[in-house]
Amino acid sequence: MTWVYLIVAGIFEVVWATSMKLSNGFVNIFWDMITLLGMFLSFYFLVIATKHLPISIAYPVWTGIGAAGSIAAGVFLFRDQISGITWLFIVLLLVGIVGIKITSGH
């Protein structure tokens with residue numbers, strides 16, 4: 001269950017980053033509230049995950065999920081343009097996240 005909590009924390013990392021963009025500089029109260037809720041839930045699930053995972057494992061996975069997910073949200077929702085070499089590094093990031101999980105022993 002610990003890894004599920006960590007993945008959920010990473011997903012909420014993407015939620016708050018995306019809703020922060022949609023808040024248009026914190027002028028849209030609906031998206032402002034979603035941003036704050038996403039932040040709270042992201043940290044909440046990270047705290048639960050770090051009760052059983054070392055921070056040296058949990059934090060890089062959490063930020064990696066957030067980074068990769070935010071890139072995906074930017075590309076699909078906001079039509080951000082990503083170069084081919086950037087896609088390569090995104091794949092390497094995902095490989096790193098999976099590698100950490102596989103080799104962590106947790």
Side-chain angles (χ1 to χ4, degrees):
M1 253 336 252
T2 301
W3 282 94
V4 172
Y5 291 137
L6 187 57
I7 291 167
V8 169
I11 291 168
F12 278 113
E13 184 87 351
V14 177
V15 167
W16 78 254
T18 304
S19 59
M20 184 174 60
K21 170 76 172 168
L22 292 168
S23 79
N24 197 26
F26 289 103
V27 297
N28 183 318
I29 191 72
F30 174 77
W31 292 113
D32 297 347
M33 299 310 291
I34 298 297
T35 300
L36 294 174
L37 180 63
M39 286 177 173
F40 173 80
L41 291 171
S42 180
F43 282 108
Y44 174 77
F45 284 106
L46 178 62
V47 166
I48 292 172
T50 57
K51 287 182 179 181
H52 303 284
L53 286 174
I55 195 70
S56 60
I57 300 299
Y59 184 75
V61 171
W62 177 65
T63 57
I65 292 169
S70 295
I71 291 166
V75 168
F76 294 112
L77 297 177
F78 305 113
R79 305 288 185 240
D80 294 349
Q81 298 297 310
I82 304 293
S83 71
I85 193 72
T86 302
W87 282 113
L88 171 67
F89 287 112
I90 294 166
V91 169
L92 291 174
L93 176 63
L94 295 173
V95 168
I97 292 168
V98 172
I100 289 170
K101 162 60 173 119
I102 291 170
T103 61
S104 71
H106 294 283

Supply the atom-to-atom distance [X] [atom1] to [Y] [atom2], rounded to the nearest 0.5 angstrom.
X: L36; Y: W31; atom1: CG; atom2: CH2; result: 13.5 Å
X: F40; Y: F12; atom1: CZ; atom2: CZ; result: 10.5 Å
X: T2; Y: I7; atom1: OG1; atom2: CD1; result: 11.0 Å
X: F89; Y: L93; atom1: CZ; atom2: CG; result: 11.0 Å
X: I71; Y: L94; atom1: CD1; atom2: CG; result: 8.5 Å
X: M1; Y: H52; atom1: CE; atom2: NE2; result: 10.5 Å

Below 4.5 Å, heavy atoms only, C-beta onward: do [X] and [Y] meet side chain to side chain?
X: I34; Y: L22; value: no
X: L41; Y: F45; value: yes
X: I29; Y: M33; value: yes

Closest approach of [X] and [Y], non-hydrogen atoms and distance?
X: S70; Y: V14; value: N-CG2, 3.8 Å
X: I55; Y: P60; value: O-CD, 3.6 Å
X: V61; Y: I100; value: CG2-CG2, 3.7 Å
X: A73; Y: T18; value: CB-OG1, 3.4 Å
X: A58; Y: T50; value: CB-CG2, 3.7 Å
X: R79; Y: F76; value: NH1-O, 3.0 Å

Taking a hydrophobic cluster as the set of Ile, Leu, Val, Met, Phe, Trp and Tyr residues connected by side-chain heavy atoms closer than 4.5 Å, whether directly or through intermediates, do [X] and [Y] fall within one such cluster?
X: F43; Y: I11; answer: yes
X: I48; Y: V4; answer: yes
X: I57; Y: V95; answer: no
X: V98; Y: L92; answer: no
X: I65; Y: W16; answer: no

F26, CZ atom: more than 12 neighbouring heavy atoms under 6.0 Å: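 Atom CZ in F26 is crowded, with more than 12 foreign heavy atoms closer than 6.0 Å.
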F78 CZ: over 12 foreign heavy atoms closer than 6.0 Å: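 Atom CZ in F78 is crowded, with more than 12 foreign heavy atoms closer than 6.0 Å.
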Expected output: side-chain T35 to main-chain M20 donor-acceptor under 3.5 Å: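 Pair found, side chain donor or acceptor close to backbone of M20.
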Step-by-step side-chain contact (heavy atoms from CB on, under 4.5 Å) determination, W87 to V91: CA-CA 6 Å; W87 282 113; V91 169; 5.6 Å; no
Aromatic ring pairing Y59/W62, orientation class (parallel under 30°, perpendicular over 60°, tilted between):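 Answer is tilted, since the angle falls between 30° and 60°.
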